[in-house]
Amino acid sequence: MSYTALYRKWRSQTFDEIKGQEPITESFKNQIKTGRIGHAYLFCGTRGTGKTSVAKILARAVNCQNPINGNPCNECSSCKSILNDSSMNVVEMDAASNNGVDDIRQIRDQVQYPPVDGKYKVYIIDEVHMLSQAAFNAFLKTLEEPPEYVIFILATTEPNKLPITILSRCQRYDFKRISTDTIASRLREISDSEGINVEDEALDYIARVGDGSMRDAVSLLDQCSAFQFEHCIKYEDALNILGAVDTSVFSEVIEALNMKDIKELLNIISTVIEHGREIGQFISDLIMYIRNLLLAKTVDNLQGLVDMSKENLQKLKDDSKLFSTTELLRYIRMLSDLSNQIRYSNQKRILLETTLMKLAFPETDATLEGLNAKLSEIKREISNFDFSDATGNKLDLSKVVDTKTINTKAVLSNKPNKVSLPKAQYDDLQLLKKEWRNICIAVPSSVVSVALRETYVKPNKERDGMIIVTKSKGGFKIISEEESKDMLCKVVENRYNKLIKFSTELSEEKENSTVYVTTDDLEQININIETEG
Ligand SMILES: [Zn+2]
């Protein structure tokens with residue numbers, strides 16, 4: 001005998017059996033009892049929430065000879081012929097594979113003939129958002145004036161892709177994700193009837209992995225039961241069988257960050273890519289791991305919050321001690337930004353590498369958060385810092401990364417540094433160009449700061465200073481004042497220990513003022529850091 005998948009075998013056959021969608025099933029029972037049946041229904045919701053099951057029950061209920069309290073009896077000849085797919089009254093179509101005008105025309109031709117037996121012809125169109133524009137147009141005509149005996153049930157996971165003309169002609173039902181408790185109790189019912197020996201904790205886990213989808217959860221239970229013939233399925237078994245993400249690689253990342261070991265970080269990324277892991281997914285999983293670290297730090301009992309084997313859980317607890325809560329929150333924020341940014345980038349690897357470096361070395365992160373992180377580091381080191389040789393360091397990022405060369409005197413003191421400062425080199429000008437936004441923000445006068453908002457900089461011809469370019473005449477006037485340029489010089493002096501001269505230019509053309517870091521720049525940073533380790 002062939003094996004029937006559990007989710008097919010246990011598909012709900014009456015409205016009462018559908019779990020977790022009570023408002024919808026109650027509404028349909030009432031419609032059947034009162035005979036107030038619509039002609040076009042739209043079922044929306046994520047996969048496995050019961051849309052198709054409800055559609056099929058409804059198709060039987062409207063044709064049933066002896067409905068029981070709004071439910072189909074599943075015994076009469078009509079119910080039986082629909083149940084064994086031999087009825088001409090119920091037509092199912094998957095719009096994902098039949099999305100053309102011809103498919104819709106076929107339906108249009110069919111609906112002209114009333115049902116031979118039974119009361120209604122029911123058309124269930126799944127994934128209806130996949131219909132082509134032309135097919136929608138053809139369908140609309142039928143939907144506008146359907147014959148009395150026709151019911152359309154349209155199901156979709158993406159209602160926002162439907163034309164408004166279709167939406168406005170349907171009664172809409174939104175299927176919710178089913179709660180973990182509801183799914184777990186249904187799984188218990190199924191496993192008891194099927195003689196599957198499984199502990200509650202494992203069922204809870206399976207329900208959580210199902211993530212609101214009853215069908216997915218039942219399929220997962222099916223998978224687990226296939227692995228365990230006689231033993232009881234334990235939580236650990238479920239973790240193994242369903243392949244809980246191996247977290248050891250994230251633990252390695254966290255340890256490398258703690259050691260500020262860039263070489264190791266780059267090695268890990270390289271291995272991850274070699275193993276064919278998708279970078280976007282890797283970042284999401286890493287964020288989840290750091291979220292778990294935060295939980296491990298703050299919550300005593302992690303059960304139900306973190307699905308991990310005992311071994312990994314212990315590792316998680318150890319890792320969580322390496323960082324402060326603030327640091328972990330900073331990691332999550334920066335990685336979430338990265339995760340948004342990376343979607344549209346074809347330099348995913350470089351972006352990931354530079355972000356991890358920023359995490360390891362807060363001084364390369366010019367935001368307030370990064371500076372704060374660095375400041376606490378400096379405070380710790382300040383007592384044994386050698387001040388005598390604070391000048392003369394050529395400013396490039398590879399050295400900024402080295403904590404010893406950051407100029408603490410300039411960072412911590414407001415006293416103007418009158419020791420003859422080195423003149424800016426071409427490299428410095430490039431750095432200033434990149435840092436321009438942050439420099440503008442640091443200018444103490446808000447008037448000047450605002451005037452600088454719409455500007456960008458480029459090295460002058462002699463390459464010994466920068467030209468500030470602006471489109472705004474008012475802004476140009478403010479920035480051109482000596483006092484404003486002095487302020488900028490001070491900021492650059494304090495931050496980078498460099499003397500730089502600024503000139504101004506009024507731009508005629510409409511230029512894009514935003515200066516983004518180019519890929520070349522990123523690669524430059526990358527190479528520098530690599531030689532560092
Ligand atoms: Zn019946």
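Each ligand, and each atom within it, is numbered from 1 in the order the structure gives.
The pair Asp192-Arg188 counts as a salt bridge, with a side-chain nitrogen and a carboxylate oxygen less than 4.0 angstrom apart. Ion pair Glu144/Arg169 flagged as a salt bridge, since at least one NZ, NE, NH1 or NH2 atom sits closer than 4.0 Å to an Asp/Glu carboxylate oxygen. Using a 4.0 Å cut-off between charged side-chain N and carboxylate O, Asp174 and Lys176 make no salt bridge. Look at Arg208 and Asp204 and you find no salt bridge, because none of the NZ, NE, NH1 or NH2 atoms lies under 4.0 Å from a carboxylate O. Ion pairing between a basic and an acidic side chain is recognised when a charged N comes within 4.0 Å of a carboxylate O; Asp16 and Lys29 show such pairing.
Annotation: protein N, O or S atoms under 2.8 Å of the Zn ion (ligand 1) (waters excluded) comprise Cys64 SG, Cys73 SG, Cys76 SG, Cys79 SG.
Partners of Ser77 according to the side-chain hydrogen bond (donor to acceptor under 3.5 Å, both in side chains) rule, which considers only residues two or more places apart in sequence or in another chain, are Gln65.
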